[in-house]
Amino acid sequence: MKCTAYRITLLGVSVAAAMVLSYIETLIPLSIAVPGVKMGLANLVMVFLLYKLDWKHAAAVSIIRVLLTALLFGNAASLAYSASGAALSLIVMSLLKGSGAFSSVGVSMAGAVSHNAGQIIMAVLLTGTREIAWWLPPLILSGIVTGLAIGAVGAVLISKIKLKTD
Amino acid sequence: MRSKAVFGGRTRPKGSLVISMKNRIRNDIILALALLLAALAVWGVVSLTRKTGEYAVVLINGEETARYPLDKDAVVEIETEDGHVNTLVIKDGEASVTFADCPDKLCVKQRAIKRTGETIICLPHKLVIRIEGGGGVDTVV
């Protein structure tokens, strides 16, 4: 891919957008009875990059976002949770997109659910408590709902926003 | 063709199956239903295996540090290694966390627990309150 300056700018803007979305998310608490329920707004940026560029660019932005968000708003534990969630989510989304069998809405939904699953896995490992897996049902449900919503918005962005690299 | 573009059909990777947008949306729905079923299955297993417990066990970093009988009301200050504090209250056979000095206070928002295997978890403090005993069935997930 050419136009390097354009690409660097695009990735910078993507990181900024993902950070702002992560921050907005902390202002709207959804976790009532079940911890970890959130909208996953930052996934919007990942889905967009995955479809407009490729998984490598999405991964780069995701890593920087996770590190910066932990530095600014979190701690070591929250870094572990968001890193495991982000990693699993991106792997699943890349594979499902590569399979060609799902639309970007389905890919986003799978990404949201696997983000939650990744956090649960990390929580089980960190606390040594298998019972945390009991939070899976509500987290799967919230992942389906938020993933579909984010995916629907993402599909519009993917079609409306034209990049030079298209 | 417009709906195809809206759902990101433009970027089909090389070597992948050529599947129409209609079928992709059908696959999305199948995937959503499969995930729903998985959630239901886990929920079913959880609710079928739960019994009222006997003890509230305090685990810090996954290791048991104390246990309190559920049939005796108590208020306990739990201090973790790094000096953080949670307040555990046992009342009417149920355990709940009423105070925590962590920023998100998710453990305080969680409902009181009394069934074997139920947990209240404070992720920032790596603290787990778990109900044990009752029926002799250990927690199996």
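Order of the sequence lines fixes the chain letters, A, B, ..., with proteins taken first and strands second; residue numbering starts at 1 for each chain. Scope of the values below: all heavy atoms of this structure, side chains included, with no hydrogens, waters or symmetry mates.
Of the atoms belonging to V42(B), heavy atoms from both backbone and side chain fall under 4.5 Å from chain A. In this structure, chain B has a heavy atom under 4.5 Å from the side chain of L96(A), while its backbone stays farther away.
Rounded to the nearest 0.5 Å, atoms CG (L40(B)) and CD1 (I140(A)) are 9.5 Å apart. Note that OG of S103(A) and CD1 of I19(B) are 11.5 Å apart. Values are rounded to the nearest 0.5 Å.
Other residues, nucleotides and ligands contribute more than 12 heavy atoms inside 6.0 Å of the OH atom of Y81(A).
Pairing each heavy atom of R24(B) with each of F102(A), the nearest pair is CD-O, 3.6 Å. The two atoms that bring L123(B) and A123(A) nearest to each other are CD2-CB, 4.2 Å, heavy atoms only.
Under a hydrophobic clustering in which Ile, Leu, Val, Met, Phe, Trp and Tyr are joined whenever their side-chain heavy atoms come within less than 4.5 Å, directly or via other members, V61(A) and L79(A) fall into different clusters. Follow the hydrophobic side-chain contacts under 4.5 Å out from L37(B) and you never reach I120(A); the two are in separate clusters. Tracing side-chain contacts under 4.5 Å through hydrophobic residues (I, L, V, M, F, W, Y), one reaches L157(A) starting from M39(A); they form part of the same cluster. Under the 4.5 Å side-chain heavy-atom criterion for ILVMFWY residues, no single connected hydrophobic cluster contains both M19(A) and I63(A).
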